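Following: one structure in structure tokens, then a few remarks.
Here the structure is a predicted model, which is why all the values come from computation and not from measurement. In the text below, chain A, chain B and the rest are named by the order of the sequence lines, each starting its count at 1.
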2 protein chains.
Amino acid sequence: MSCHEILQEKGHRLTLQRMLVIEALHNAVRHISAEEIYEELHRRHPYANISTVYRTLELLKELELVTETDFGEGRVRYHVAEKGHHHHLVCHSCGRVADLEETALHPLKEGLLDEYGFVADLRHLAISGRCNECRSGHETEPKLRY
Amino acid sequence: MSCHEILQEKGHRLTLQRMLVIEALHNAVRHISAEEIYEELHRRHPYANISTVYRTLELLKELELVTETDFGEGRVRYHVAEKGHHHHLVCHSCGRVADLEETALHPLKEGLLDEYGFVADLRHLAISGRCNECRSGHETEPKLRY
DNA sequence: GTTGCATTCGCAAGTGGTTGCAATAATTCT
DNA sequence: AGAATTATTGCAACCACTTGCGAATGCAAC
């Protein structure tokens, strides 16, 4: 089911602004910022406001259609949930971002449920640290970011 | 070794502002916000500015003397590192915050090191989710917060 | 197609946090 | 103790994001 159908089904209105935000999210190669989404939106709808972008992102998060990740840039990035769940390893030395399979956190999740009865919401987590390349002294420019 | 000694040893100046920020952090019962630290500082040094608080906190973080945790309030809270390391389980239904021993994340940390050679920096993490009380329908007012 | 109405939007102001810069003050050297 | 040096501060402007509010609009009912 598409984002549009889910929005409509839950009683939310399908406005032009929302459709353009969803389109920008789908067209994004990797993780996109609110500002970047706004640029796309603004190009085709010059009167649109960035607060609408933030409100739409908030709605899509609640509906679990997009996930939000803080890579430590001072701004947050968004990703369409259906494109696949994963986490990230962010190196604070070189900025390199590696993807981590969702299953890597399943043991922790199960542990928290068994021990504390706590259902952890671990979606699109960014774990910061120091990557193998930087640790071994071969600091290189990372190829993949965000 | 005290915060004061560590600052001085690393060549940082011991200003009144810094001493008052450190004092506020040590006096805090649990996790304190920058605004709360600023109130303490302002009471005894009316010309002090909140940017100094943020800059001091940034410095203390770099020296690993304080940790920063985002409980999802829209502001971040700080805690003296030497008071003990732990993580937090934050319920997004009732706001209850439970402490989680540092060791609970050791298996994950070791796994990331073995599999990816990645040294994860997992300090004072806030894991959001739904707590046992809320899941069982007995939603109560939480006693402990932050 | 028109009407009615709740939802959504644009705007402007506000919040938490950061930053560039000139003035100030902690430390070092004499 | 006083002068020189340079880290640190206060200030003001800025950034990412949020919010209150009145105006606009998508949608449902006729």
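The CD1-C1' distance, from Ile50(B) to dT19(C), rounds to 15 Å in whole Å. Atom CZ in Arg77(B) sits roughly 10 Å away from atom P in dG17(C) (whole-Å rounding). Atom CG in Asp70(B) sits about 13 Å away from atom C1' in dG17(C), given to the nearest Å. The CD-P distance, from Glu58(B) to dG16(C), rounds to 18 Å in whole Å. In this entry the distance linking CZ of Arg18(B) with P of dT24(C) reads 19 Å, nearest Å. Rounding to whole angstrom units, CG of residue Leu59(B) and P of dT9(D) are separated by 9 Å. One interatomic measurement links the two molecules: CZ of Arg75(A) to C1' of dT18(C), which rounds to 12 Å at whole-angstrom precision. Atoms CD (Glu68(B)) and P (dG17(C)) sit 8 Å apart, rounded to a whole Å.
Within 6.0 Å of atom CD in Glu73(A), more than 12 heavy atoms from other residues, nucleotides or ligands are found, so the atom counts as buried in its surroundings.
Remark: Tyr54(A) is not in phosphate contact with dT18(D), judged by side-chain N or O atoms under 4.0 Å from OP1 or OP2. Put simply, His12(B) has a side-chain N or O that comes within less than 4.0 Å of OP1 or OP2 on dT8(D). Between Thr15(A) and dT8(C), a side-chain N or O to OP1/OP2 separation shorter than 4.0 Å is absent. Phosphate proximity of dG26(D) to Gln17(A): absent, as no side-chain N or O sits under 4.0 Å from OP1 or OP2.
Shortest non-hydrogen contact noted between Val90(A) and Phe118(B) is O-CZ, 3.5 Å.
At a threshold of 4.0 angstrom between heavy atoms, the contacts of Leu14(A) are confined to the sugar-phosphate backbone, with no base atom among them. Contact annotation for Arg55(B): base contact, defined as any heavy-atom pair under 4.0 Å involving a base atom. Among the protein residues, Ser51(B) comes within range of the nucleic acid bases, having at least one heavy atom under 4.0 Å from a base atom. Looking at heavy-atom distances under 4.0 Å, Gln8(B) makes contact with sugar-phosphate atoms alone, never a base. Within 4.0 Å (heavy atoms only), Gly11(B) reaches no atom of the nucleic acid at all.
In this structure, His31(A) contributes its side chain and Tyr146(A) its backbone to a donor-acceptor pair below 3.5 Å. Under a 3.5 Å cut-off, the side chain of Thr69(A) and the backbone N or O of His124(A) do form a donor-acceptor pair.
Taken residue by residue, residues 35-48 of chain A places heavy atoms nearer than 4.0 Å to DNA chain C at His45(A), Tyr47(A), Ala48(A).
Side-chain contact check for His92(B) and Asp121(A): no donor-acceptor pair (N or O, by modelled atom type) lies under 3.5 Å.
Salt bridge present: Glu58(B) and Lys61(B) bring a charged side-chain N and a carboxylate O closer than 4.0 Å.
With the nearest nucleotide of DNA chain C identified for both Tyr78(B) and Leu16(B), Tyr78(B) has the one nearer the 5' end. Each of Arg13(B) and Val76(B) lies near DNA chain C, and the nucleotide nearest Val76(B) is the one positioned closer to the 5' end.
With ring centers used as reference points, His86(B) lies under 6.0 Å from His79(B).
The CG atom of Leu89(B) lies 10.0 Å from the OG atom of Ser128(B); values are rounded to the nearest 0.5 Å.
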